Amino acid sequence: MPELPEVETVKNELIPYVVGRRIASVTLNWEGMVTPAAGQFRSRLAGRKITTITRRGKYLIFSLDSGDLLLIHLRMSGSLLVGTDVSSPPAYTRAVLHLDDGNNIFFRDPRKFGRMRLVADAAAVVGRLGPEPLEAGFTAITLAGLLVGRKAPLKAVLLDQNVIAGIGNMYADEALFAAGLHPLRPAGSLKPEEVKRLHRSIRRVLTAAINARGASVSSYVRPGGQKGQAHFSFKVAHRRGEKCPVCATPLERLVVRGRGSYLCPKCQTLENGDLRG
DNA sequence: CCCGGAACCTGAAGGC
DNA sequence: TGCCTTCAGGTTCCGG
């Protein structure tokens, strides 16, 4: 699933193909994925030059010379693929941005969850997102302030995009394991030392995943079609039944707020202040 | 405001 | 082998 490291990788690898190019035209095979409606979406994009691509949380933001912003969210199964052959697009291609140099951006998305929104003001979509966890300003003190007073499970708070932007199910599990914290710990119950460990773990896990070009556990691939490598370094995510790499206890999966959560029951206990991790 | 659950989708995996 | 059910999870919406 595309989370912060996957979206960051897609952004970095799309930039050489896209920045400075014009969108010649747009093909929509699934009109439900765009806002505003298809006609206006196409006409406002046609002929526009893409000046930059940035990322905010799990959103890709294409800046256009018209002042409009194209916000793309890959959700569960989306990927953006670069190619020149329009006659044989990737399977499940829902939209195509045809560029003025013969390249095309294919939005492949088997489950049709992905979305593209064309807006004049990005804040309307991303304005409520929490801080970027890899920015310098995101300190252990920042994190402590976000967790204080919350009774919700730690895992649920990490997944809340309005608290911290970009963490999804896989990296929440990996960060919690690295910090030795149980996903059901009430978020506000962490001691300062535990918050520090969690802060360090979040940044290490996300940085390592970006360096590995993302995790291809599902249908995620990079714009050139290559897979990422980050999942080979996962300690617990999607490894039910395997042994904990630290203590060899069989890993478990439980459901937290409807999300499958992988953990080591020995390294990640519910007891307040257990510093095993 | 907070929480939980359904809905959106469809391929993959598991059960019988 | 094949049909049927369940699972997967990012986000939004709705009810309590």
Side-chain angles (χ1 to χ4, degrees), chain A residues 1-11 28-36 55-61 71-80 90-95 107-117 119 122-130 132-133 145-176 183-189 206 209 214-221 227-228 230-231 234 236-242 251-263:
Chain A
M1 328 308 150
E3 304 179 22
L4 187 156
E6 288 74 31
V7 179
E8 178 72 13
T9 300
V10 171
K11 182 206 74 177
L28 298 176
N29 301 323
W30 168 248
E31 297 192 354
M33 76 184 308
V34 301
T35 306
R55 179 192 58 75
R56 179 77 173 93
K58 300 171 190 170
Y59 288 87
L60 285 168
I61 303 177
L71 276 60
I72 299 180
H73 200 301
L74 301 172
R75 295 280 183 99
M76 308 281 301
S77 61
S79 43
L80 297 175
Y92 309 106
T93 292
R94 307 303 184 191
F107 195 150
R108 170 190 141 87
D109 187 13
R111 294 179 67 177
K112 298 182 178 173
F113 279 11
R115 293 290 182 268
M116 291 197 284
R117 297 183 62 168
V119 297
V125 180
V126 299
R128 295 178 58 192
L129 292 177
E132 287 289 326
L146 293 168
L147 301 181
V148 68
R150 291 182 185 266
K151 296 170 186 169
L154 197 44
K155 171 83 180 272
V157 173
L158 291 181
L159 291 179
D160 186 340
Q161 301 301 296
N162 296 327
V163 177
I164 304 170
I167 299 175
N169 205 41
M170 301 183 298
Y171 296 109
D173 283 355
E174 288 298 306
L176 288 171
L184 289 176
R185 279 282 298 278
S189 74
L206 294 177
S216 289
V217 295
S218 182
S219 57
Y220 164 77
V221 290
K227 294 188 173 185
H231 52 296
F234 282 175
V236 293
H238 298 114
R239 292 188 181 276
R240 171 169 42 174
E242 297 183 34
L251 301 176
E252 292 181 358
R253 177 183 181 272
L254 51 88
V255 175
V256 179
R257 288 277 230 280
R259 297 285 170 267
S261 301
Y262 298 85
L263 74 156

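Source: prediction; values computed, not measured. Lettering follows sequence order; numbering is per chain, from 1.
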* Report yes or no: is the ring centroid of Phe113(A) under 5.5 Å from the six-membered base ring centroid of dC8(B), with the two planes under 30 degrees? => yes
* Base of dG10(C) paired with side chain of Arg259(A) (donor-acceptor, under 3.5 Å) -> yes
* Considering just the side-chain nitrogens and oxygens of Lys112(A), establish if one lies under 4.0 Å of OP1 or OP2 belonging to dC8(B). => no
* Asked: Looking at the side chain of Arg253(A), which of dG4(B), dG9(C), dA8(C) is the nearest nucleotide?
  -> dA8(C)
* Asked: Closest to the Met1(A) side chain: dG9(C), dC3(B), dT11(C)?
  -> dG9(C)
* Asked: Going by distance alone, is a donor N or O of one side chain under 3.5 Å from an acceptor N or O of the other, for Glu6(A) and Tyr171(A)?
  -> yes
* Whole-angstrom distance between dC9(B) and dC14(C), as gauged at atom P -> 15 Å
* **side-chain N/O Lys58(A) vs dT11(C) OP1/OP2, d < 4.0 Å** => yes
* What does Arg150(A) touch in the nucleic acid at a heavy-atom separation under 4.0 angstrom: a base, only the sugar-phosphate, or nothing? -> nothing
* Return no unless some side-chain N or O of His238(A) is found under 4.0 Å from OP1 or OP2 of dG9(C). => yes
* Within the structure shown, what part of the strands sits under 4.0 Å from Gly32(A) by heavy-atom distance: base, sugar-phosphate, or nothing? -> nothing
* Asked: Between dG11(B), dT12(C), dG10(C), which nucleotide gets closest to the side-chain atoms of Tyr92(A)?
  -> dG11(B)
* Determine the Euclidean distance between corresponding P atoms of dG9(C) and dG14(B); express it in Å to zero decimal places. => 15 Å
